[in-house]
Student: 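The structure follows.
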Amino acid sequence: MRLAAAAGAFAFAVAGPPAAGGAAAPAASARAPVDVIFDTDMAHDVDDVGALALLHALADRGECQILAVGISETARADEGRWGAPMADVVNTYYGRGGIPVGVYRGPHQERPEKGRYAEKTAKAFPHRLQSGAAAPAAFKLYRRVLAGRPDQSVVMISVGFLTNLAALLESGPDDLSPLDGVELVRRKVKQWSCMGGRYPSSGEGSEFNLATYPEATAYVLGHWPTPVTFSGGELGETVMTGARLIRKYGPTRNPIARAYREYTGGKDRMSWDQTAALHAVRGLARDGRTYFTAVTEGHNRFELIVGPPKPGPQASHNAWVGEPDSEQSYLVPAMPPADLARVIEDLMMQPPAARKRRSGGR
């Protein structure tokens, strides 16, 4: 992270890429399942639920393995308390209730809006984890998971705040690994797929994920040591999903449909988080279909305008800067939004393989 003064009464915290740590890791075989960690601010918006459902559908197809889920809102907040049980509900529904779920343990950034679906949905479906307060610290969970994986094998997916990733990078050697957080990530993480920011620029506005805990954002963008691809708000906001899912499944049969109904009242919702999850597993294209292209030259510059604190996202903006080059890129859609929405929602609607086995394939 670099600090620079600005004219007037404001100062800017500026985050750019760290110094390059060598060439990017070679791409894994298209046939090999992708090991993923899913970091989410679940309980705020419902697209987080859609993204986790998409990952489970891809896991059922043998395309990925979900190693852990982390909630990037603190367990001190209502969303943090219920986000973890909500994730456990989705994991349990897909027959993977053993996936560990962690939470952020740091301070809470107050927000005027409250979650609308997680508590109601979690209370309506089976799961074991009853509160985020009972979950481990996410960064410690990530250290344990990463320490046990082969080098350059894990894809990190973040679709919320960067609190857990900041805590991971700041962590020191422990009984789980002799490596500090930056070196552990450098060794074990192949790439990071991040839903955050707007591209090529957020203009004078702030993007929710990067702006709500901006100090964490600045730290992570300034210290992350492996390739990262950003999926911006401008991409997912035109990709509408959820209504078909709700029409197919009643609110008592499917927790993803229940969460969407509670949040949208039966309408479609933007698919910000699903785009990052889809890219993390399938990349830019799969089976002859190109979902995205990528701008690969330059880096993401994040600036926090330091002023009087307020509830919710803080004044900040991000912009893509051509120099210096880095191991960063951002996604650009390569198919019409309606076509990308169908790809995503078809996966969200895919019946869990575990349930099909129990019902004899029906």
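Just so it is clear, the structure is predicted and the values come from calculations on it, not from any experiment.
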Student: Checking Val343 against Asp339 for the side chain to side chain contact (heavy atoms under 4.5 Å, CB included) test, could you report, in this order, the C-alpha distance in whole Å, the side-chain angles of both residues, the deciding distance, and whether it holds?
Tutor: CA-CA 6 Å; Val343 170; Asp339 293 348; 5.9 Å; no
Student: Could Asp180 and Arg186 be called an ion pair, given the rule that one side-chain N must be under 4.0 Å from one carboxylate O?
Tutor: no
Student: In this structure, is the centre-to-centre distance between the rings of Phe139 and Tyr104 below 6.0 Å?
Tutor: no
Student: Counting distance only, does the side-chain N/O of Thr264 pair as donor-acceptor with the main-chain N or O of Gly266 below 3.5 Å?
Tutor: yes
Student: Identify the two heavy atoms, one from Ala137 and one from Arg105, that lie closest to each other, and give their separation to 0.1 Å.
Tutor: CB-CG, 3.7 Å
Student: Between Asp47 and Asp273, is there a donor-acceptor pair closer than 3.5 Å when you use the side chain of the first and the backbone of the second?
Tutor: yes
Student: Do side-chain atoms of Asp346 reach the backbone of Met349 as a donor and acceptor pair under 3.5 angstrom?
Tutor: no
Student: For residues Ile71 and Ala87, report the shortest heavy-atom separation together with the two atoms involved.
Tutor: CD1-CB, 4.3 Å
Student: I'd like to know if the side chain of Gln328 and the backbone of His299 have a donor-acceptor N/O pair within less than 3.5 Å.
Tutor: no
Student: Does Arg187 have more than 12 heavy atoms from other residues, nucleotides or ligands lying within 6.0 Å of its CZ?
Tutor: no
Student: Suppose the criterion is ring-ring contact (aromatic ring centres under 6.0 Å, His included): which pairs have a residue in residues 242-289, not counting sequence neighbours?
Tutor: none
Student: Between Asp151 and Lys188 (side chain of the first, backbone of the second, donor and acceptor by atom type, cut-off under 3.5 Å), is there such a pair?
Tutor: no
Student: So how far is it from Arg247 CZ to Arg261 CZ, rounded to the nearest 0.5 Å?
Tutor: 10.5 Å
Student: For the pair Thr163 (side chain) and Ser72 (backbone), establish whether a donor and an acceptor sit closer than 3.5 Å, ignoring hydrogens and angles.
Tutor: yes
Student: Does atom CZ of Arg149 have more than 12 heavy-atom neighbours from other groups under 6.0 Å away?
Tutor: yes
Student: Given side chains that start at C-beta, do those of Asn300 and Val228 come closer than 4.5 Å, heavy atoms only?
Tutor: no
Student: Which heavy atom in Lys267 sits nearest to a heavy atom in Ile246, and how many Å separate them?
Tutor: O-CD1, 4.2 Å
Student: Got a sec, which pairs hit ring-ring contact (aromatic ring centres under 6.0 Å, His included) with one end in residues 176-207, sequence neighbours left out?
Tutor: Trp192-Trp224, Tyr199-Phe230, Tyr199-Tyr330
Student: For Pro351 versus Asp60, what's the shortest heavy-atom pair and its separation?
Tutor: O-OD2, 4.1 Å
Student: Keeping Arg116 on the side-chain end and Val46 on the backbone end, is there a donor-acceptor pair under 3.5 Å?
Tutor: no
Student: In this structure, are over 12 heavy atoms from other groups packed under 6.0 Å from Lys248 atom NZ?
Tutor: yes
Student: Can a donor-acceptor pair be found, under 3.5 Å and without considering hydrogens, that links the side chain of Glu345 to the backbone of Leu245?
Tutor: yes
Student: Is a side-chain N or O of Arg128 found less than 3.5 angstrom from the main chain of Gly97, in a donor-acceptor match?
Tutor: yes
Student: To check you understand the geometry: which heavy-atom pair defines the closest contact between Glu297 and Trp320, and what is its length?
Tutor: O-NE1, 2.7 Å
Student: Judged by atom type as modelled, is there a donor-acceptor pair below 3.5 Å linking the side chain of Asp35 to the main-chain atoms of Leu67?
Tutor: no
